[in-house]
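By convention in this document, chain letters (A, B, ...) are assigned in the order of the sequence lines, proteins followed by strands, and residues within each chain are numbered from 1.
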Amino acid sequence: MLNHECCRNRIFYRNFFRDFRLTMTARERKIIKDFHKCNFYEIFKFFQAESNKRLAATKEEKLAKRKKNEAFVNKYGFCLVDGHRERISNFRLEPPGLFRGRGDHPKMGMIKRRVQACDIIINCGRDSKIPMPPRGQMWKEVRHDNTVTWLASWVDNVQGQSKYIILNSWSKIRCESDHNKYETARRLHKFIDKIRATYREEWKSKDIFVRQRAVALYFIDKLALRVGNEKEKDQADTVGCCSLRVEHVQLHRRLMDKEYVVAFDFLGKDSIRYYKTVEVEPRVFNNLKLFVKDKGKSYYVFDCLNAHELNDHLKNLMIGLTTKVFRTYNASLTLQNQLDELTDEEATVAEKLLVYNRANRAVAILCNHQRSIPKGHQQIMENLRKKIHNKSNAINDLEAEFNELKRSATLSGTAKDKKIAECKGKQLERLKDQLKKLKLEETNREENKCVALTTSKLNYIDPRISVAWCKKNNVPIEKIFNKTQRTKFLWAIHMADENYHFPEESPVIDDDN
DNA sequence: CGGCGGACTTAGAAGATGAGTT
DNA sequence: AACTCATCTTCTAAGTCCGCCG
């Protein structure tokens, strides 16, 4: 990890060194006391050489390696669940290494121990052949619990949390639960008007708890915020709706040309920054003003409310309703609306794909899914601009040439000259087309540079919307979903015809309410 | 009934692979 | 054939939320 920025972080190397010293003998501990006097370069060099070897491998070597890996997957990567052969997603244990939390994590750099058989609980069928632990070792426990979905588990030594070996995303059990998630989101549609009317009414409540709950729910609905459970001190300081602190919001009665503005600035899940200014209802604004009044910056905005109470409340409004259903619902609805609005049936497949991308991006922005700017983005953009510049010049030159030819063709009136002019004209059209494409790519890339599209595609958008849209618009599904995604969403591909529309239209079967 | 651990879902980064270009 | 860049896969951290236990 020496080439990585995190090694220069004081917390990182101190945590590492503390753990490292714990692995030493008493004698070693007496000698090795200062991280900065240690030189790990030989180890670094070794691993870099290994990596280079891998890169430089011949075709045959690479093929042999792949064959070996395939055999390995076949042997260890599958299991039987209710008689069906299912693929296991992570059948390899997490290897030892240094813990890398996201953001400002107090435990970064701590040594993640190698997991041994004696750490592992095996969960398998009563009649199944129990897998063998490595020679001379024993499993921590073998159990037969069919109420959970994991096959093996252990407790990670850094954070003390359970880790699981589970089935992959296209297993029956996970597809079913995915499907259920979207059915719940669709069900919300039947209640949403009433829920919104109620929380608006509750902004006026005499009970401050009810009022805070109503404002929090408004944020979750309107801004797709996460609920924000309480966190331990030994984790990165990130927040969600209920854990927002006074320092995370700024209230502006007027800002630029907007009124009743709330400026959010906080670190959410994975320490991704949420930085938006939003116009809100005057009543929300005034409530917020009251909530933060006379409070220090480190106090909760919603000090009377916690995530559990908010979810408890939602449970009463609809069976199965929790705060995260709002994210699913609003994300899926956004995609559907955007597609409805932007799709031109006459357009080419390429143009339609651009529309899909736009719609997808709108969802990602709603959910605040971000990525770091890709390496070399600046360079790529510069090259692109250069290409555009060259293309424009070429077009200008050709255009002059073309006009000249046209004139002489009209003057001479010969068929040959006309043909030559026509040919140039076509060439010109082609160049203009290419220029258009380049410019489009430039905008698209710039707009997408810090937006992560896959998370919403994989976890928030009802795949049936995309399937229906593809069928209706004659867009091959492979253009939208890659192979893995098609497998994961096979249920949706089978289920949705071109008329599927989120959230309504096709009948909702499992309706509990 | 509230605190906490357990189980499952969501998340972006890094690494691997592959396709297109020079 | 080497290189470049995009896409796909893997990895595991970090959320949500439920249910159990004292």
Once you apply a heavy-atom cut-off of 4.0 Å, does [X] come out as touching a base, just sugar-phosphate, or nothing?
X	value
A:His377	nothing
A:Gln235	nothing
A:Ser153	nothing
A:His105	sugar-phosphate
A:Gly228	sugar-phosphate

Closer to the 5' end of DNA chain C via nearest nucleotide, is it A:Gly320 or A:Thr238?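 The residue mapped nearer the 5' terminus is A:Thr238.
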Please state whether the rings of A:His105 and A:Phe99 are parallel, tilted or perpendicular, taking 30° and 60° as the class boundaries.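 A:His105 vs A:Phe99 ring planes: perpendicular.
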Indicate whether the side chain of [X] and that of [Y] have a donor and an acceptor atom separated by less than 3.5 Å.
X	Y	value
A:Gln212	A:Asp303	yes
A:Ser456	A:Asn360	yes
A:Asn330	A:Tyr460	no
A:Lys231	A:Ser243	no

Note: for A:Tyr164 and A:Thr454 on DNA chain B, the residue whose nearest nucleotide lies more 5' is A:Tyr164
Start at the 5' end of DNA chain B and walk down; is the nucleotide closest to A:Arg371 or to A:Ser177 reached first? A:Ser177
Could you check how far [atom1] of [X] sits from [atom2] of [N], rounded to whole Å?
X	N	atom1	atom2	result
A:Asp312	C:dT16	CG	C1'	14 Å
A:Asn306	C:dC17	CG	C1'	13 Å
A:Lys181	B:dC8	NZ	C1'	11 Å
A:Lys233	C:dA14	NZ	P	17 Å
A:Lys231	B:dC4	NZ	C1'	17 Å
A:Gln159	B:dC4	CD	P	17 Å
A:Asp234	C:dG15	CG	P	12 Å
A:His308	B:dC4	NE2	P	14 Å

Face-on cation placement of A:Arg245 at A:Tyr300 ring, 6.0 Å and 45° thresholds: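 That pair does not qualify as a cation-pi contact.
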Assess A:Arg14 against A:Phe17: is NZ or CZ under 6.0 Å from the centre of the six-membered ring, and within 45 degrees of the ring's axis? no
Contact under 4.0 Å: [X] side-chain N or O vs [N] OP1/OP2:
X	N	answer
A:Thr323	C:dT16	no
A:Thr149	B:dC8	yes
A:Arg226	B:dA11	yes

Close N/O contacts between protein and nucleotides 8-12 of chain C (under 3.5 Å):
{"residue": "C:dT9", "atom": "OP1", "partner": "A:Thr484", "partner atom": "OG1", "Å": "3.3"}
{"residue": "C:dT9", "atom": "OP2", "partner": "A:Thr484", "partner atom": "OG1", "Å": "2.0"}

Side chain of [X], heavy atoms from C-beta onward: which of [options] has the nearest atom to it?
X	options	result
A:Ile272	B:dG12, C:dC5, B:dA7	B:dG12
A:Thr455	B:dA11, B:dC8, C:dG15	B:dA11
A:Tyr460	B:dT10, C:dG15, B:dA14	B:dT10
A:Asn229	C:dT16, B:dC8, B:dA11	C:dT16
A:Arg445	C:dA6, B:dA11, C:dC18	C:dA6
A:Val148	B:dC8, C:dT16, B:dT9	B:dC8

Would a line drawn from the ring center of A:Phe489 to the ring center of A:Phe481 be shorter than 6.0 Å?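 Yes.
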Would a line drawn from the ring center of A:Phe40 to the ring center of A:Phe16 be shorter than 6.0 Å?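 Ring centroids of A:Phe40 and A:Phe16 are less than 6.0 Å from each other.
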Could you walk me through whether A:Arg211 and A:Glu202 pass salt bridge (Lys or Arg N to Asp or Glu O under 4.0 Å), step by step? CA-CA 6 Å; A:Arg211 230 159 54 225; A:Glu202 287 176 347; over 6 Å; no
Hey, does the side-chain of A:Lys269 have a donor or acceptor N/O within less than 3.5 Å of a partner on the base of B:dT10? yes
Side chain proximity check, A:Lys315 to A:Leu321, heavy atoms < 4.5 angstrom: no
Do any N or O atoms of the protein come closer than 3.5 Å to N or O atoms of nucleotides 15-21 of chain B, and which pairs are they?
{"residue": "B:dA16", "atom": "OP1", "partner": "A:Arg54", "partner atom": "NH1", "Å": "3.1"}
{"residue": "B:dG18", "atom": "OP2", "partner": "A:Arg66", "partner atom": "NH2", "Å": "3.1"}

